[in-house]
Amino acid sequence: MNKTILITGGAGFIGSHVVRLMVRNYPDYRIVNLDALTYAGNLENLKDIDSKDNYLFEKGDITDAPFINQLFKKYRFDGVIHLAAESHVDRSIADPLAFIQTNIIGTVNLLNAARDSWKDDMVGKRFYHISTDEVYGSLGETGFFIEETAYDPRSPYSSSKASSDHLVRAYHHTYNMPVVISNCSNNYGPNQFPEKLIPLSINNIKHNKPIPIYGKGENVRDWLYVEDHARAIDIIFHEGKNGETYNIGGNNEWQNIQLIKKLCEVMDQKLGRVKGTSEKLITYVTDRAGHDMRYAIDSSKLKRDLGWEPSLQFEEGIVKTVDWYLENEDWMNRIVTGEYEKYYQNQYQHR
Ligand code: NAD
Ligand code: DAU
C-alpha cells in the first residue's frame, strides 16, 4: 500500500460517502475508518465496500487520548481526514458538553497524535479537518460567507466546531503542522440520520405523521448533495494548499418551507398520492432556540483554485434522495425505534 489514511467518523452520513469514494478511487491506499459508533454511526452504510482489501474498521473514541496515540503508532498514518463529530444543532442545545468533548477535545487528541507521529518528517503528510459554514454565524437577506468572514458561531454545536477550526489553525502556525480546513453548507442524500430535516420529513411523510417546521419556516439553508461534498473532500485532500481554508457550497438556497413543499411534491409522486396530500402534514412548531436565519456559501475560491463545482442540480438530487430512502426502508426502520423514539418524544412533544 502506497499510503495509510485515517478517516474519522466514517460510519456516519458524510463520512461513509467519503470512505466509499476513497476506497474505490485509491486501491493503493489503506483506508482506516475510526468510528465510535455513536447513535449516528452505522456500519450498514458501508456494507458494499467493507470486504475490500484496502479497507479496515477500528471502533474507538477520539476523546480517548491513549487509544488515539496507540492507533497512530500501530498504523503510522500518512494523512487524516477528520469528520467524527457530534453534528446535530438541536442535540447541542439539549446537551452541549458532549459537543465540547468530541468536537474540541477529540480534535485536539488527533492533532497531538499526528504532531507527535510526524514530528521528524512532515513532508507528504496532511491533517484535513472537515468543518461547517455554521462557524460564520447567520446572514441577513443578502451576502455570502467567504473564507475571510469573521467567525460568529451562535449554537453550542457551531461554537464547538469553530473552536476546533481555531485549534487546527493554531497547530499549523505553532507546530508547522500540514493542515487544511473546509467549511461546507448543508448536505443531503442517502444515509443521513433522520434527526436532520430532510430524512426526518421523508420518514414522517411516508407514515402520515406531522412534518415539524420550526418557527415560520423562513430560515434559509444552502443544500449540497453529499456525493458532491465527498468529491470536494477528495480534491482538497490531494490538491489543497497547507494552511488554507476552502468553502464548499451548493449555490442552492431554499427557505425551509419551500424546500419541504418541494419534498412533499416529490413524495406525492413517488407514493402515488394526489398532489397536495403530503403538504397537509406541515405543522409549524416552536422555533429552535437561537435559530440562525440564513447560511449561504461563496465557494468561488474552490472553483478557481481547484476546479470543483457542484455536479448535481437540486431537482435531480432530491428525487435521487427520496428514491434511496423509499428503496431502503429497512435501513430507516432499524433506526427509528427505541432510542430514536425517545429522542423524538423529547424534542417534539412539547413544541
Ligand atoms: P454524523 O452525525 O452523521 O456522523 C458523525 C460520525 O462520527 C458518526 O459515525 C459517529 O459515530 C462518529 N463519532 C461521533 N463521536 C465520535 C467520537 N467521540 N469518536 C469517534 N467517532 C465519533 O455527521 P455528518 O453529518 O456526517 O457530519 C460529518 C462531519 O461533517 C462533522 O464534522 C460535521 O460537523 C461536518 N459537516 C456536516 C454537514 C452536514 O450537513 N451534515 C455540513 C458541513 C459539515
Ligand atoms: O450548515 C451545515 C450544517 O447543516 C452542519 O454543520 C450540521 O451538522 C447539519 O446538521 C446542518 O445543520 P442545520 O441545523 O442547518 O440542519 P437541520 O437538518 O437540523 O435543520 C435544517 C433547517 O431546518 C434548520 O433551519 C432547522 C430546520 N428544522 C430542522 C428540523 C430537524 C425544522 O424546521 N424542523 C426540524 O424538525
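Each ligand, and each atom within it, is numbered from 1 in the order the structure gives. Remember, predicted model here, so these are calculated numbers, not experimental data.
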**Q** Do any N or O atoms from the side chain of R126 and from the backbone of F237 form a donor-acceptor pair under 3.5 angstrom?
**A**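 Yes, because the side chain of R126 sits within donor-acceptor range (under 3.5 Å) of the backbone of F237.
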**Q** How far apart are the C-alpha atoms of E265 and K275, what are their side-chain angles, what is the distance that settles it, and do they pass the salt bridge (Lys or Arg N to Asp or Glu O under 4.0 Å) test?
**A** CA-CA 7 Å; E265 195 187 305; K275 195 168 181 243; 5.4 Å; no
**Q** Taking only heavy atoms of T132 into account, list the atoms of ligand 2 that are under 4.0 Å away from them.
**A**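 Within the 4.0 Å cut-off of T132, ligand 2 contributes 1 (O), 2 (C), 3 (C), 5 (C), 6 (O).
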**Q** What are the atoms of ligand 2, with element, lying closer than 4.0 Å to any heavy atom of H291?
**A**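 Every atom of ligand 2 under 4.0 Å from some heavy atom of H291: 24 (C), 25 (O), 26 (C).
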**Q** Name the one of R294, R221, Q258 that satisfies side-chain hydrogen bond (donor to acceptor under 3.5 Å, both in side chains) with E253?
**A**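 Answer to the side-chain hydrogen bond (donor to acceptor under 3.5 Å, both in side chains) test with E253 among R294, R221, Q258: R294.
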**Q** Quick one: CD1 on I335 to OH on Y340, what's the gap to the nearest 0.5 Å?
**A**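 The CD1 atom of I335 sits 9.0 Å away from the OH atom of Y340.
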**Q** For ligand 2, is any non-hydrogen atom under 4.0 Å from E134's backbone (N, CA, C, O), its side chain (CB onward), both, or neither?
**A**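 It is the side chain that touches ligand 2; the backbone stays farther off.
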**Q** Tell me which part of V89 gets within contact of ligand 2: side chain, backbone, both or neither, using heavy atoms under 4.0 Å.
**A**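 For V89, only side-chain atoms sit under 4.0 Å from ligand 2.
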**Q** Where is the nearest protein heavy atom to atom 27 (C) of ligand 2: which residue, which atom, and how far?
**A**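 Atom 27 (C) of ligand 2 sits closest to the protein heavy atom N256 ND2, 3.5 Å.
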**Q** Do me a favour and list the nearest non-hydrogen protein atom to atom 36 (O) of ligand 2 with residue, atom name and distance?
**A**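 It is Y348 OH, 2.7 Å.
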**Q** Which residue and atom name correspond to the protein heavy atom nearest atom 33 (O) of ligand 2, and how close is it?
**A**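 For atom 33 (O) of ligand 2, the nearest protein heavy atom comes out as Y214 N, 2.8 Å.
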**Q** Please could you name the atoms of ligand 2 that H88 approaches to less than 4.0 Å, counting only its heavy atoms?
**A**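 Going through ligand 2 atom by atom, the ones under 4.0 Å from H88 are 19 (O).
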**Q** So, does D78 use its side chain to make a donor-acceptor pair with the main chain of K125 at under 3.5 Å?
**A**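 Such a contact is absent between D78 side chain and K125 backbone.
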**Q** Checking contacts here: is it the side chain or the backbone of L197 that comes within 4.0 Å of ligand 2, counting heavy atoms only? Could be both or neither.
**A**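 Under 4.0 Å from ligand 2, L197 contributes backbone and side-chain atoms.
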**Q** Go through ligand 2 atom by atom and flag the ones less than 4.0 Å from a non-hydrogen atom of E195.
**A**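 It comes down to these atoms of ligand 2: 31 (C).
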**Q** Between D90 and ligand 2, is there a nitrogen or oxygen pair with a distance under 3.5 Å?
**A**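 No; every N/O pair is 3.5 Å or more apart.
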**Q** Give the residue and atom name of whichever protein heavy atom lies nearest to atom 19 (O) of ligand 2, and the separation in Å to one decimal.
**A**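 Among all protein heavy atoms, the one nearest atom 19 (O) of ligand 2 is R288 NH2, 2.9 Å.
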**Q** Quick check against the 3.5 Å criterion: does N187 have a side-chain atom that pairs as donor or acceptor with the backbone of I14?
**A**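 The answer is no, because no donor-acceptor pair under 3.5 Å joins these two groups.
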**Q** Quick one: ring-ring contact (aromatic ring centres under 6.0 Å, His included) partners of Y175, sequence neighbours excluded?
**A**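 Y175: ring-ring contact (aromatic ring centres under 6.0 Å, His included) contacts with Y171.
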**Q** In Å, rounded to the nearest 0.5 Å, how long is the span from CG of L83 to CD1 of I7?
**A**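 One finds 7.5 Å between CG of L83 and CD1 of I7.
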**Q** What protein heavy atom lies closest to atom 5 (C) of ligand 2? Include the residue and the distance to one decimal.
**A**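 Checking every protein heavy atom, the shortest distance to atom 5 (C) of ligand 2 gives Y157 OH, 3.6 Å.
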**Q** Please give the remaining members of the hydrophobic cluster of F145, linking ILVMFWY side chains under 4.5 Å, ordered by chain and number.
**A**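 Members alongside F145: V135, Y136, L139, Y151, Y295, I297.
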**Q** Which residue holds the protein heavy atom closest to atom 34 (N) of ligand 2, what is that atom called, and what is the gap in Å?
**A**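 Ranked first by proximity to atom 34 (N) of ligand 2 is P212 O, 2.8 Å.
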**Q** Mark up the atoms of ligand 2 that fall under 4.0 Å of a heavy atom belonging to I213, in ascending order.
**A**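 Near I213, the atoms of ligand 2 are 33 (O).
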**Q** Determine whether L21 and I233 make a side-chain contact, defined as any pair of heavy atoms from C-beta on separated by less than 4.5 Å.
**A**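 The answer is no, as the side chains (C-beta and beyond) never meet within the 4.5 Å cut-off.
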**Q** Other residues, nucleotides and ligands only: do more than 12 of their heavy atoms fall within 6.0 Å of CG on N251?
**A**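 No.
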**Q** At less than 4.0 angstrom from any non-hydrogen atom of K196, what atoms of ligand 2 do you find?
**A**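 Close to K196: 10 (O), 18 (O).
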**Q** Give a yes or no answer on whether the side chain of S16 reaches the backbone of G12 with a donor-acceptor pair at less than 3.5 Å.
**A**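 Side chain of S16 to backbone of G12: a pair is present.
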**Q** In the protein, what heavy atom is nearest to atom 8 (O) of ligand 2, and what distance, to one decimal place, separates them?
**A**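 It is S87 O, 2.7 Å.
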**Q** Knowing that exactly one of E195, H88, R91 qualifies, which makes a side-chain hydrogen bond (donor to acceptor under 3.5 Å, both in side chains) with Y343?
**A**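 The side-chain hydrogen bond (donor to acceptor under 3.5 Å, both in side chains) with Y343 is passed solely by H88 among E195, H88, R91.
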**Q** Out of curiosity, is K161 lining ligand 2, as in a heavy atom under 4.0 Å away?
**A**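 For ligand 2, residue contact (heavy atoms, under 4.0 Å) with K161 is absent.
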**Q** Identify the closest protein heavy atom to atom 1 (O) of ligand 2: which residue and atom is it, and at what distance?
**A**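 Closest protein heavy atom to atom 1 (O) of ligand 2: D133 OD1, 2.5 Å.
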**Q** Tell me every residue that passes side chain to side chain contact (heavy atoms under 4.5 Å, CB included) with S155, counting only those two or more places apart in sequence or in another chain.
**A**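 Counting only residues at least two positions away or on another chain, S155 forms a side chain to side chain contact (heavy atoms under 4.5 Å, CB included) with V89, S92, E134, Y157, S158.
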**Q** Provide the number and element of each atom of ligand 2 under 4.0 Å from a heavy atom of Y295.
**A**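 In order of numbering, the contacting atoms are 1 (O).
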**Q** Please produce the table of protein N or O atoms sitting under 3.5 Å from N or O atoms belonging to ligand 1, one pair a line, distance to 0.1 Å.
**A**
unit_1, atom_1, unit_2, atom_2, d
ligand 1, 2 (O), S87, OG, 2.7
ligand 1, 3 (O), F13, N, 3.1
ligand 1, 9 (O), G12, N, 2.9
ligand 1, 9 (O), D35, OD1, 3.2
ligand 1, 9 (O), D35, OD2, 2.6
ligand 1, 11 (O), D35, OD1, 2.5
ligand 1, 11 (O), T38, N, 3.0
ligand 1, 11 (O), T38, OG1, 3.1
ligand 1, 18 (N), D61, OD1, 2.8
ligand 1, 18 (N), T102, OG1, 3.1
ligand 1, 19 (N), I62, N, 3.0
ligand 1, 21 (N), A36, N, 3.1
ligand 1, 23 (O), S87, OG, 3.3
ligand 1, 26 (O), F13, N, 3.4
ligand 1, 26 (O), I14, N, 2.8
ligand 1, 32 (O), L83, O, 2.9
ligand 1, 32 (O), K161, NZ, 2.7
ligand 1, 34 (O), Y157, OH, 2.7
ligand 1, 34 (O), K161, NZ, 3.1
ligand 1, 40 (O), N187, N, 2.9

**Q** Parallel, tilted or perpendicular, judged at 30° and 60°: which one describes the rings of W223 and Y188?
**A**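 Perpendicular, since the angle between the ring planes exceeds 60°.
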**Q** Hydrogens and angles aside, do T286 and R351 bring a side-chain donor and acceptor to less than 3.5 Å of each other?
**A**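 Short answer, no.
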**Q** If you measure every N or O of W223 against every N or O of ligand 2, does any of those distances drop under 3.5 Å?
**A**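 Checking ligand 2 against W223, no N or O pair falls under 3.5 Å apart.
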